[in-house]
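Structure first, commentary second.
Just so we're clear, the structure is a prediction, and the values are computed from it rather than from any experiment.
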Amino acid sequence: MSDKRRDLMSEISETFNLAIKVQEEFLKSGPFPELSLTEVHVIEAVSKEKFPTMTNVARRLQVTVGTLTTNVKSIMKKGFLEKEQYEKDHRFTILRITSKGYEALAYHDRFHRELSLLYEERISDDQFNWVLDTFEKVIVGLKDYQENLRQKTIKKSIKSSSRGR
């Protein structure tokens with residue numbers, strides 16, 4: 001790998017890590033310092049689901065239901081989420097965002113708007129189209145890589161289970 005490519009990978013990693021740190025600091029300095037970034041993203045995922053069961057939200061976040069359960073318990077204690085049985089089928093439990101949860105989402109959205117303005121100030125329109133196109137390609141590559149990893153894991157699991165017979 002050339003030095004320039006290595007530098008690019010380093011800059012991308014630093015940008016991502018710094019954006020996460022800045023977002024965490026934004027949350028801690030606002031009206032909801034008790035919420036972690038992960039918890040805000042759980043609330044956000046609930047808001048995006050048409051049918052926000054634990055399974056659907058966990059799938060959206062790409063975490064296990066067990067991991068989500070731990071987060072949801074904490075978020076509920078803090079008053080940002082509630083659980084309720086689905087009226088049409090009591091086998092399902094639905095996650096519901098409280099008014100406090102919607103206030104936290106609005107504050108989180110404010111961060112994203114401010115971040116967009118920051119990028120807009122620093123990236124010209126010509127550069128923006130190139131950056132967008134590049135990141136779209138990188139995302140497709142990452143999704144392909146993720147799928148290949150999943151396929152390897154499945155094959156490895158099948159080999160292991162067949163050896164144990």
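Side-chain contact between T53 and T93 is absent, with no heavy atoms from C-beta onward closer than 4.5 Å. Residues S74 and E39 meet the side-chain proximity criterion, which asks for heavy atoms closer than 4.5 Å. By the 4.5 Å heavy-atom criterion applied to side chains, F32 and E34 are counted as neighbours.
Looking only at distances, a side-chain donor or acceptor of T70 sits under 3.5 Å from a matching main-chain atom of G66. With hydrogens and angles ignored, the 3.5 Å screen pairs a side-chain donor or acceptor of T98 with a backbone N or O of G79. At least one donor-acceptor pair under 3.5 Å links the side chain of K100 to the backbone N or O of K78. Counting only distance, with no hydrogens or angles, the side chain of K83 and the backbone of L95 share no donor-acceptor pair below 3.5 Å.
With respect to K137 and D133, a salt bridge is recorded, a charged nitrogen being found less than 4.0 Å from a carboxylate O. Of the charged side-chain nitrogens involved, at least one lies within less than 4.0 Å of a carboxylate oxygen, so that R110 and E114 count as a salt-bridged pair.
Here CD of E25 is found 8.5 Å from CG of L18. Values are rounded to the nearest 0.5 Å. To the nearest 0.5 Å, the span separating CD1 on I20 from OG1 on T15 amounts to 11.5 Å. Interatomic distance, S29 OG to E24 CD, rounded to the nearest 0.5 Å: 12.0 Å. Distance CG/N71 to NE2/H41: 12.0 Å, rounded to 0.5 Å. Note that the CG atom of L8 and the OG1 atom of T134 stand 9.5 Å from one another [nearest 0.5 Å]. Considering OG of S10 and CG of D3, their distance stands at 11.5 Å, rounded to 0.5 Å.
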Dump the intermediate steps for salt bridge (charged side-chain N to carboxylate O under 4.0 Å, His left out) on R96 and E84, then the final yes or no. CA-CA 7 Å; R96 192 177 71 71; E84 60 185 37; 3.3 Å; yes
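Atom CD of E87 sits in a sparse spot, with 12 or fewer heavy atoms from other residues, nucleotides or ligands closer than 6.0 Å. Counting heavy atoms of neighbouring residues, nucleotides and ligands inside a 6.0 Å radius, atom CZ of R6 exceeds 12 of them. At most 12 heavy atoms of other shown residues, nucleotides or ligands fall within 6.0 angstrom of atom NZ in K21. By the neighbour-count criterion of 12 heavy atoms within 6.0 Å, atom CD of E14 is sparsely surrounded, having that number or fewer from other residues, nucleotides or ligands. The local environment of CG in D144 is crowded, with over 12 non-hydrogen atoms from other residues, nucleotides or ligands closer than 6.0 Å.
Between K48 and R60 the shortest heavy-atom distance is O-NH2, 3.3 Å. When all heavy atoms are compared, the tightest approach of S47 to E44 is OG-O, 2.6 Å. The minimum heavy-atom distance between L35 and A104, with the atom names listed, is CD1-CB, 3.6 Å. When all heavy atoms of Q62 and R150 are compared, the closest pair comes out as OE1-NH2, 3.7 Å. M54 and T69 get closest at one heavy-atom pair: CE-OG1, 3.2 Å. Contact between F80 and I43 at its shortest, heavy atoms only, is CB-CD1, 3.6 Å.
Connection of I12 to V131 is not established within any shared hydrophobic cluster, with ILVMFWY side chains joined at heavy-atom distances below 4.5 Å, either directly or through further cluster members. Residue I123 is grouped with residue F16 when hydrophobic side chains (ILVMFWY) are merged at heavy-atom distances under 4.5 angstrom, including chains of intermediate members.
Applying the ring-ring contact (aromatic ring centres under 6.0 Å, His included) rule to F111 yields the partners F26; only residues at least two apart in sequence or on another chain are considered.
Screening V65, V72, T64 against L68 for a side-chain contact (heavy atoms from CB on, under 4.5 Å) leaves a single residue, V72. Partner V42 forms a side-chain contact (heavy atoms from CB on, under 4.5 Å) with one of I75, V63, L37, T67 and no other, that one being I75.
Counting Ile, Leu, Val, Met, Phe, Trp and Tyr side chains that sit under 4.5 Å apart, directly or through other members, Y86 shares a hydrophobic cluster with F51, F92, I94. By the 4.5 Å side-chain criterion applied to Ile, Leu, Val, Met, Phe, Trp and Tyr, V138 is assigned to a cluster that also includes L142.
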